[in-house]
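So the structure is just underneath, and the comments pick up after that.
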Amino acid sequence: MTNALPPDATATAWDFDAELRAIDDARLRRRRRVIEAYDGVRLRVDGRDLLAFCSNDYLGLAQHPQLRAAAAEGAARWGVGATASPLVCGHSLAHEQLEQDLARFVGMPRALYFYAGFPTNTGLLPALVGRGDAVFSDALNHACLIDGARLARAEVQVYAHADADDLARRLRLSTARRKLIATDAVFSMDGDLAPLRELLQLAERFDALLLIDDAHGFGVLGSGGAGSAAAAQLRSPRLLYMATLGKAAGVAGAFVAGSEAAVELLMQRTRSYMFATAAPPLVAHVLRTSLRLIADEEWRRVRLRELVRMVREEAQLPAGWRLGRSATPVQPIIVGGNAPALRAMQQLWDQGFWVPAIRPPTVPEGSARLRLSLSAAHAPQQLRELLQALAALPG
Ligand SMILES: *Cc1c(COP(=O)(O)O)cnc(C)c1O
C-alpha cells in the first residue's frame with residue numbers, strides 16, 4: 001500500500017512544465033550559450049565571434065600563457081584529482097604553499113583555500129554563528145552570503161544597502177549573543193563599494209565580527225591588487241576577508257583569511273571545507289603563478305581604470321536608462337523592465353557584442369540592467385565600439 005498512487009494520478013504536486021511556463025511568462029527563462037572558442041575577449045558562439053563584456057576575468061588572465069604552462073606543469077607533477085577532502089589526504093604541498101602565498105598577498109596572518117566561493121560563504125557563516133546569534137547582512141549581498149546566513153539559523157538583520165547608520169541602529173538594538181556583519185566589498189551587480197572602514201569601526205564598537213566578500217575587488221583594487229581590505233587599510237583581528245579566485249585571478253576557488261586562531265577554527269568547523277574533495281593540486285599550483293602575475297602586471301589595473309573612466313565620461317544612453325554609481329570594472333546600465341533589458345541585450349548581440357541582461361531575482365524587481373564587465377584584455381577601441389552601439393539603441 002505504501003507505493004499506491006494517489007486516487008487521481010493526474011493530480012500531482014510536480015508539474016514542472018507549468019513551473020517552466022510561469023518562468024517564461026515572467027520573461028525570466030535563462031539560457032546557456034555554448035562557447036565554441038575563447039580568444040581573449042572574443043568568444044565564438046554559433047560560429048560567430050562576439051566581443052564579450054560579460055566575463056569576470058577582469059585582469060584578462062584566464063588564458064595567460066604562463067598560466068597555461070603552470071597548468072601543464074602542475075598536471076605533470078600532481079596528476080589531476082586531489083583524491084580526498086583536505087582533512088583526510090587531499091591537502092598537497094601545492095595547497096599549503098598557495099595558502100601561505102595568499103596570506104602574504106593580502107597581508108593577513110593565515111589563509112584557507114576552498115574549491116569555490118559559493119560554498120565558502122555557505123560554510124563560513126554556519127561555522128561562525130548559530131541560534132541566539134545575529135547576522136547583519138547588506139540588502140544587496142551575494143546569494144551565497146544570504147544562503148550562508150539561512151543555514152546558520154541565526155537571526156538575520158538585513159540593513160539598507162551600504163548604509164552604516166542603519167547598521168549602527170540595528171547593532172545598538174540587538175540583544176543577540178554574538179553579532180556578525182557580512183557584506184560584499186564590491187557589490188556584484190552594482191559595482192559600488194561597501195563603506196568598509198565604517199563597518200569595521202562598528203564591528204569594534206559593538207563587539208561584532210566583520211566578514212567581507214571581495215570576489216570583485218581582489219586583484220583589481222588595492223596596491224598590487226591586494227583587494228578592498230588592503231585598499232581601505234583595514235587591520236583587525238575582527239576582520240575575516242574572503243575572496244574568490246575564479247574572477248580577476250583567472251583560475252578557480254576561493255579563500256578566507258584572518259587571524260591564526262580564527263582560520264584554524266574555521267578549518268575545524270566549516271562543513272563545506274571538511275566534507276568536500278579538495279580542489280585539484282594543479283589548480284593550486286596555477287594560482288601561485290596567477291598571484292605573481294596579479295602583483296607584477298600593474299598595467300592591467302592601469303588599463304582597467306582607463307576603461308572605467310571611458311565608460312563614465314563617454315557613455316551616452318537612451319532616455320530613461322542610467323549608469324550605476326560604480327568606479328569598478330562592473331558598470332551596470334539600469335534599464336528597468338525585464339523585457340526592455342532583454343531586447344537591448346539582443347540588439348547588441350545582433351551587432352556582435354555580448355553584454356548580459358541581469359534580471360530579478362539576481363537584482364531587485366524593476367531594476368533589470370545590462371551588466372557591463374570590463375577587462376584589461378579589452379582594447380580601448382573595442383570599448384569605444386560598444387559605447388557607440390549603446391548610444392544608437394532605440395531604448
Ligand atoms: C562569484 C561570487 C561568489 C562565488 O564565487 P565562485 O568561486 O564563483 O563560487 C561569491 N561571492 C560573490 C560576491 C561573487 O560575485
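For the numbers below, each heavy atom of this structure counts, side chains included, while hydrogens, waters and symmetry mates do not. Keep in mind the model is a prediction, meaning the values are calculated, not measured. When a ligand or atom number is given, it counts from 1 through the structure's own listing order.
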Legend entry - Nearest-option assignment for atom 7 (O) of ligand 1, heavy atoms, candidates Ala252, Gly117, Ala243: Gly117

Legend entry - Under 4.5 Å side-chain linkage, directly or through intermediates, the cluster mates of Met242: Leu87, Leu112, Phe114, Leu124, Leu125, Leu128, Val129, Val135, Leu145, Leu180, Leu209, Leu211, Leu240, Val256, Val263, Leu266, Met267, Tyr273, Met274, Phe275

Tell me whether [X] has any N or O atom under 3.5 angstrom from an N or O of ligand 1.
{"X": "Asp184", "result": "no"}
{"X": "Phe118", "result": "yes"}
{"X": "Ser188", "result": "no"}
{"X": "Thr244", "result": "no"}

Legend entry - Phe187 ring center near His142 ring center (under 6.0 Å): no

Legend entry - Other residues, nucleotides, ligands: >12 heavy atoms within 6.0 Å of Trp14 CH2: no

Legend entry - Trace of the side-chain contact (heavy atoms from CB on, under 4.5 Å) decision for Thr120 with Ser272: CA-CA 7 Å; Thr120 303; Ser272 55; 5.9 Å; no

Inset, instruction - Run the numbers for me: atoms of ligand 1, each under 4.0 Å from some heavy atom of Asp213, listed by number. - result: 10 (C), 11 (N), 12 (C), 13 (C)

Legend entry - Distance filter under 4.0 Å to His216 heavy atoms, resulting ligand 1 atoms: 14 (C), 15 (O)

Inset, instruction - Fit a plane to each ring of Tyr241 and Phe218, take the angle between them on a 0 to 90° scale, and name the class: parallel (under 30°), tilted (30 to 60°) or perpendicular (over 60°). - result: tilted

Legend entry - Residue and atom name of the nearest protein heavy atom (relative to atom 8 (O) of ligand 1), distance in Å to one decimal: Lys247 NZ, 4.4 Å

Using a 3.5 Å cut-off and no angle test, enumerate the donor-acceptor pairs between side-chain atoms of residues 345-356 and protein atoms at least two apart in sequence or in another chain.
| unit_1 | atom_1 | unit_2 | atom_2 | d |
| --- | --- | --- | --- | --- |
| Gln346 | NE2 | Asp350 | OD1 | 2.9 |
| Gln351 | NE2 | Gln347 | O | 3.3 |

Legend entry - Region of Cys144 that comes within reach of ligand 1 [heavy atoms, distance under 4.0 Å]: side chain

Legend entry - Criterion side chain to side chain contact (heavy atoms under 4.5 Å, CB included) against Leu323, the qualifying member of Val311, Leu372, Ile334: Val311

